[in-house]
Amino acid sequence: MLEYTWIIPILPALAFLIITFFTRWNEKLSAGISIGAILLGFVYSLIVLIKVLGNPEPFEISFKWLELTGFHLEIGILIDPLTAIMLMVVCIVSSLVHIYSLGYMRDEERFSRYFSFLSLFSFSMLGLVIANNFFMIFIFWELVGLTSYALIGFFYPKPAAAAAGMKAFITTRTGDLGFIIGLLLLVSYAGTLNYGEVFTMIEAGQIPTGLLTAIGIFIFCGAIGKSAQFPLHVWLPDAMEGPTPVSALIHAATMVAAGVYLVARSATVFAASDSAAMVVAIIGAITALMAATIGLVQNDIKRVLAYSTCSQLGYMIMALGLGSMTAGIFHLMTHAFFKSLLFLGAGSVIHASHTQDIREMGGLGNKMKITAITFIIGSASLAGIFPLSGFWSKDEIIASTHDQPIFLLVALAVAFMTAFYMTRLCFMTFFGKPRVQKFYDHAHESPKTMTVPLVILAFLAIFAGWVGIPWLSKGFGSFVFHGHPHHGHADYLLMLVSTVFAVSGVTLGWLMYGKGTISPDRMAERFKPIYTLLLNKYYFDEIYSAVIIKPILALCRFLWSFDNAVIDGIVNFFGRFTLFLSWLHDMFDKYVVDGLVNGAGYTIWGIGSVIRQAQTGKVQNYAIVIFAGVVVTLAIMLKVF
């Protein structure tokens, strides 16, 4: 059945086409088609996973699409453990987001359009996952960018949403430019973009290390854009302007996961170049630490989660750069479940209270018990509390840094901060007294279409990570790995240290926002410069605006002025001069050439008119003329003689 895996992405693609052209006027039918397509894809993905578990050898089919001298392009699919895991992650999260959207988006305009875009988004990501070559992955890579633009800016009448969609599109395109350069370098030297063929050449040493370093870094540029890594991370927090279910899909299983998947799929490239791999690890570490510090002080519930996503993606990228494909993908899988749970839980809170500012919440756990319990489970899993899913995957990442002290310190610091800001978020949202009574009074538990996905994701947030428990003889590391299987072993000291950091973060959060022993306001006042810096997100947007955007706009205005005044001036001058020459030519032709011709005509006509007078038709006139002629002739003759 693996040869028909292409059906999985085709199903949501068909749903998109059917909704767009036939059922967009029927909202219930459109939603049903979209949900049915992704659920069927989930069932088939489960079958694929079972097949691959039985036989993890890669399965590939393809056909050549274009062949030229020196290189060829092909279309095909590659099914291996990495593909199988990603198919499950995408289909599970996307299915639950689809179902959740029934309740969350029920009163929104363009309901059918929303579901058609969800289907197209799922198709793009699923196609990216099963691709067997860099050419196909780039095609679907761009489709993911297009659909994310459409969904982030779904509420386009709202200027902020339209701007956020454009910001995401342009920022990720910046990274994609590097991706294109990397692919061009690769195909110019290797003559192919097929994964297997490229990786075989690399392992055989047929591609110089220096060139591989350049290729790896340029390819990683694409991941920097898609996975919101420093310095192209600025689009992800603004993407919160889109519908909350879309945020869950983007942050958990589609767009940002694409970058991590690309790095994991290109593991052979980075394994062959220590320099490229170190660049990946450093960028991941910077992103993880930077985004975690910003998340400490954010007050928008979705922005806290957005910076958390940036930080956790940095975690994954750092692990991949340090050579642990198992740790990076394991955390990608568990993160997909608890982060989608957190975003959908945030959506439930926003849907009920009509505010996103956690300073205006408080006490919502009394009215939204299912949402509160599931959200706390997701937060604990993200914080890496034993024995939830996040604990096992986080420890895998920390373990990947064991021989890199700086990266180890970063990993532990991020674990502490993550536990702190998630504790802060939970206490300010669900505990204590209501801060704004009208929002509290309006709050209510969400409908089952929204709470059932929360419960399912909470279950996965607890148990999905158990597949990587180190005591298992064949765990996650024996299924998804690069090079050799990663047989996990229980490092009790590491477990203890990571737990201490996580619990310390939770304790500090409780002391500040639960018990109130430490005043957050006093802390903010005491460290005001740092607090202001973090609250303003290190002023990245302002710096980019001052250093990049405004100079580019100024240059564009100058070029427009130069074009308008100089280029257009020259063009207009020659245009007007040509018109003058044409007018002069017209005058010469009209009054000189035509004058001569017409003058000759008029002269002949005048002579003819005079001569014509002699033709009277009267005999006596002719006799007079003859007589006169004879007289004149005789006179002349007599004078001569």
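Residues take their numbers from the sequence shown, with the count starting at 1.
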Item to complete: Given side chain to side chain contact (heavy atoms under 4.5 Å, CB included), test Ile8 with Val48 step by step and report yes or no.
Response: CA-CA 10 Å; Ile8 297 174; Val48 169; 4.1 Å; yes
Worksheet item: Ignoring hydrogens and geometry, is there a side-chain-to-backbone donor-acceptor pair from Thr254 to Leu249 under 3.5 Å?
Response: yes
Item to complete: Classify the ring geometry between Tyr104 and Tyr100 as parallel (under 30°), tilted (30 to 60°) or perpendicular (over 60°).
Response: parallel
Item to complete: Could you check if a side-chain atom of Tyr421 sits within less than 4.5 angstrom of a side-chain atom of Val304, using non-hydrogen atoms only?
Response: yes
Item to complete: Please work out whether the ring planes of His251 and Phe343 are parallel, tilted or perpendicular, with thresholds of 30° and 60°.
Response: tilted
Discussion item. Which label fits His444 and His442: parallel for a plane angle under 30°, tilted from 30 to 60°, or perpendicular past 60°?
Written reply: tilted
Worksheet entry | Short side-chain donor-acceptor distance under 3.5 Å, Ser34 and Ser119 | yes
Worksheet item: How about His335 and Tyr315: are their ring centres within less than 6.0 Å of each other?
Response: no
Worksheet entry | Asp176 with Arg173: basic N within carboxylate O range, under 4.0 Å | yes
Item to complete: Hey, could you give me each pair passing side chain to side chain donor-acceptor pair (under 3.5 Å) that has a residue in residues 11-29? Not counting sequence neighbours.
Response: Thr23-Ser30
Worksheet entry | Any donor-acceptor N or O pair under 3.5 Å, side chains His331, Glu396 | no
Worksheet item: What is the distance from atom CD1 of Ile317 to atom CD1 of Ile283, rounded to the nearest 0.5 Å?
Response: 10.0 Å
Practice prompt. May I have all residue pairs that pass side chain to side chain donor-acceptor pair (under 3.5 Å) and include part of residues 358-369, sequence neighbours excluded?
Written response: Thr355-Glu360, Asp357-Arg359
Discussion item. Does the structure place the NZ or CZ of Arg303 under 6.0 Å from the centre of the six-membered ring of Tyr307, at an angle of no more than 45° from the ring's axis?
Written reply: no
Worksheet item: Does the separation of the ring centres of Phe115 and Phe111 fall below 6.0 angstrom?
Response: yes
Worksheet entry | Closest contact, heavy atoms only, Trp235 versus Lys226 | CZ2-O, 3.3 Å
Worksheet item: If you measure from CD1 on Ile549 to SG on Cys556, what distance do you get to the nearest 0.5 Å?
Response: 11.5 Å
Discussion item. Side chain to side chain contact (heavy atoms under 4.5 Å, CB included) for Thr449 and Arg106? Distances and angles first, verdict last.
Written reply: CA-CA 11 Å; Thr449 53; Arg106 63 184 177 185; over 6 Å; no
Fill in: Close aromatic pair by centroid cut-off 6.0 Å: Phe16 and Phe123
no
Item to complete: Compute the centroid of each ring, for Tyr149 and then for Phe169, and state whether the two points are separated by less than 6.0 Å.
Response: yes
